[in-house]
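First comes the structure, then the notes that go with it.
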Amino acid sequence: MENQDLKGMSASKAAPNDRMLIEIPRQDIGCHYSSLTDYLDKMAGYDSRLLSAIDRFVMGFHLGAVTKLVNGHYGTVLPRINRNNKIVGGSVQYIDTVSGAVLKREPLVKHLYSWYCFDYYTDDEVFFGEHLLSNKPVAIVTEEKTALLGTLAEPSVDWLAVGEGCNLTKGMMSKLAGKRVVLFPDDMSSDYWSEKFGKQFKVDCGFVHRDINRYLIDTIRGRGSP
C-alpha cells in the first residue's frame with residue numbers, strides 16, 4: 001500500500017456503517033516491560049527466581065507497553081486472547097509502580113492505529129488469561145493485576161480476570177463447565193457474582209473486606225529464594 005493511500009485513509013475514516021471488522025494482529029502487540037512489570041518486580045523483592053517467572057509470563061500473557069505516560073508511568077498492554085490465540089480486545093492500564101494503583105484504564109483498540117478505517121474485531125466474553133487455560137483448577141478475580149500476582153503466588157492454579165465485576169457473564173462461565181472453579185469477588189462484585197453464579201460455582205467472599213493483592217504479595221515473598 002502506498003503512503004498516499006495511508007494518508008487518504010487517515011483523512012477520511014469510514015462511517016460506522018461502512019466499516020469492516022478485522023482481527024487485531026498479535027504481532028502488533030509486542031511483549032515489553034512496563035509500569036506493571038516494574039511493580040511486579042518490586043513486589044517480588046527482585047528475587048532472581050521470581051524475576052525469571054515474571055519474564056515467562058510477560059511472554060505467556062503477551063504483556064506489552066505503550067509510550068504514553070501517566071504521572072511518569074508507562075501504560076501496560078493487557079490483551080484478551082481467546083482459545084484460538086486471537087487477540088479480541090483488552091485494555092491499557094497505567095500502574096503506579098510503588099502502590100500498584102491503577103491510575104488510568106483505556107480500551108486497547110484506542111492505541112491501535114487510530115487513523116485506520118476499519119473496526120477491530122472484539123469479543124467482550126473473553127477472560128484475561130483465557131488462552132492459558134489448562135487442566136488446573138481455576139481462580140477468577142476482578143483485576144488483571146491480581147491474576148498476575150496470583151500466577152506468581154500459586155502457579156498450580158489458572159488465574160483469570162474480568163477487569164470489572166459486571167463484565168463476568170454466563171457465557172464466560174459456561175466455558176469453565178466441568179472444571180474446579182472458585183470465584184474471588186471484591187466488595188463491588190460479591191453480591192452480583194454470588195447471585196448469578198453461586199448455585200453452579202463456588203464463590204469465596206473471604207476477600208471482600210480483605211486485600212487479596214496484599215495476601216498474594218505476602219505469599220509471593222514467602223516463596224522467594226532462601
Side-chain angles (χ1 to χ4, degrees), residues 21-26 28-29 36 57-64 76-93 95 102 105-112 119-208 211-213 215-216:
L21 291 174
I22 63 171
E23 292 179 353
I24 300 172
R26 185 162 177 168
D28 282 358
I29 304 177
L36 179 53
F57 74 62
V58 165
M59 302 298 293
F61 285 93
H62 212 71
L63 304 183
T76 301
V77 177
L78 296 158
R80 302 290 178 97
I81 304 173
N82 66 18
R83 298 305 299 277
N84 295 320
N85 280 316
K86 302 294 185 183
I87 295 174
V88 293
S91 63
V92 174
Q93 296 181 23
I95 307 292
V102 178
R105 179 193 295 261
E106 298 172 337
L108 174 61
V109 292
K110 282 191 175 181
H111 291 266
L112 295 175
D119 280 339
Y120 286 102
Y121 169 71
T122 58
D123 183 350
D124 294 333
E125 291 196 319
V126 172
F127 291 100
F128 174 74
E130 183 173 317
H131 66 298
L132 298 175
L133 278 172
S134 64
N135 294 322
K136 301 175 184 177
V138 176
I140 299 175
V141 295
T142 302
E143 293 184 311
E144 295 90 344
K145 174 183 67 179
T146 306
L148 296 173
L149 288 170
T151 301
L152 272 182
E154 192 52 71
S156 63
V157 173
D158 285 333
W159 291 80
L160 303 176
V162 296
E164 296 179 354
C166 60
N167 292 342
L168 187 59
T169 67
K170 290 184 177 180
M172 295 167 76
M173 293 303 298
S174 67
K175 304 174 188 179
L176 305 176
K179 289 182 174 291
R180 183 182 174 188
V181 180
V182 181
L183 293 81
F184 294 101
D186 57 18
D187 59 341
M188 298 294 291
S189 59
S190 59
D191 290 343
Y192 175 70
W193 286 13
S194 296
E195 178 184 347
K196 292 292 184 181
F197 311 110
K199 292 181 180 179
Q200 186 177 359
F201 299 95
K202 181 178 179 180
V203 180
D204 187 332
C205 294
F207 292 100
V208 170
D211 187 354
I212 188 172
N213 294 322
Y215 169 81
L216 293 172

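No hydrogens, no waters, no symmetry mates; every other heavy atom, side chains included, goes into these values. Numbering of residues begins at 1 and proceeds along the displayed sequence. This is a predicted model, so every value here is computed, not measured.
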* salt bridge (Lys or Arg N to Asp or Glu O under 4.0 Å) pairs, two or more places apart, involving residues 158-176 ->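 The answer is Glu130-Lys175.
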
Between [atom1] on residue [X] and [atom2] on residue [Y], distance to nearest 0.5 Å:
| X | Y | atom1 | atom2 | value |
| --- | --- | --- | --- | --- |
| Asp123 | Ile81 | CG | CD1 | 13.0 Å |
| Ile87 | Leu108 | CD1 | CG | 7.5 Å |
| Phe127 | Arg83 | CZ | CZ | 11.0 Å |
| Asp204 | Trp193 | CG | CH2 | 11.5 Å |
| Asn167 | Tyr192 | CG | OH | 9.0 Å |
| Leu160 | Leu183 | CG | CG | 9.5 Å |

Work out which heavy atom in [X] is nearest to a heavy atom in [Y]; give both atom names and the distance.
| X | Y | answer |
| --- | --- | --- |
| Glu125 | Thr169 | OE2-OG1, 2.7 Å |
| Met172 | Asp124 | SD-O, 4.2 Å |
| His62 | Pro79 | O-CG, 3.2 Å |
| Ile95 | Val102 | CD1-CG2, 3.7 Å |

* **Lys136 side chain vs Trp159 backbone, donor-acceptor pair below 3.5 Å** =>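 Here the side-chain-to-backbone pair does not exist.
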
* Derivation of the side chain to side chain contact (heavy atoms under 4.5 Å, CB included) call for Val208 and Phe184 -> CA-CA 8 Å; Val208 170; Phe184 294 101; over 6 Å; no

Less than 3.5 Å apart, which donor and acceptor atoms pair up between the side chains of residues 141-153 and the rest of the protein, not counting sequence neighbours?
| unit_1 | atom_1 | unit_2 | atom_2 | d |
| --- | --- | --- | --- | --- |
| Thr142 | OG1 | Asp186 | OD2 | 3.4 |
| Glu143 | OE1 | Asn213 | ND2 | 3.3 |
| Glu144 | OE1 | Gln93 | NE2 | 2.9 |
| Glu144 | OE2 | Arg80 | NH2 | 3.3 |
| Lys145 | NZ | Gly100 | O | 2.6 |
| Thr146 | OG1 | Asn213 | OD1 | 2.6 |
| Thr151 | OG1 | Ala147 | O | 2.8 |

* To do: Kindly write out the residues that satisfy ring pair (Phe, Tyr, Trp, His ring centres under 6.0 Å) with Tyr215, not counting sequence neighbours, or none if the list is empty.
  =>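 Scan of Tyr215 (ring pair (Phe, Tyr, Trp, His ring centres under 6.0 Å), adjacent residues dropped) gives Phe207.
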
* To do: Using the test ring pair (Phe, Tyr, Trp, His ring centres under 6.0 Å), find all partners of Phe128 that sit at least two apart in sequence or belong to another chain.
  =>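 Result, ring pair (Phe, Tyr, Trp, His ring centres under 6.0 Å) vs Phe128: Phe61.
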
* Would you check, one step at a time, whether the test side chain to side chain contact (heavy atoms under 4.5 Å, CB included) holds for Val181 with Phe197? => CA-CA 11 Å; Val181 180; Phe197 311 110; over 6 Å; no

* Can Asn84 and His131 be said to form a side chain to side chain contact (heavy atoms under 4.5 Å, CB included), step by step? -> CA-CA 7 Å; Asn84 295 320; His131 66 298; over 6 Å; no

For [X], check side-chain contact (heavy atoms from CB on, under 4.5 Å) against everything at least two apart and list the hits.
| X | result |
| --- | --- |
| Asn135 | none |
| Pro137 | Arg180 |
| Lys202 | Val182 |

For [X], which residues count as a side chain to side chain donor-acceptor pair (under 3.5 Å) partner, sequence neighbours excluded?
| X | result |
| --- | --- |
| Ser194 | none |
| Ser156 | Glu154 |
| Gln200 | none |

* Step-by-step side chain to side chain contact (heavy atoms under 4.5 Å, CB included) determination, Val88 to Thr122 -> CA-CA 4 Å; Val88 293; Thr122 58; 5.5 Å; no

* Side chains of Cys205 and Pro185: does their closest heavy-atom pair fall under 4.5 Å? ->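 Sidechains of Pro185 and Cys205: in contact.
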
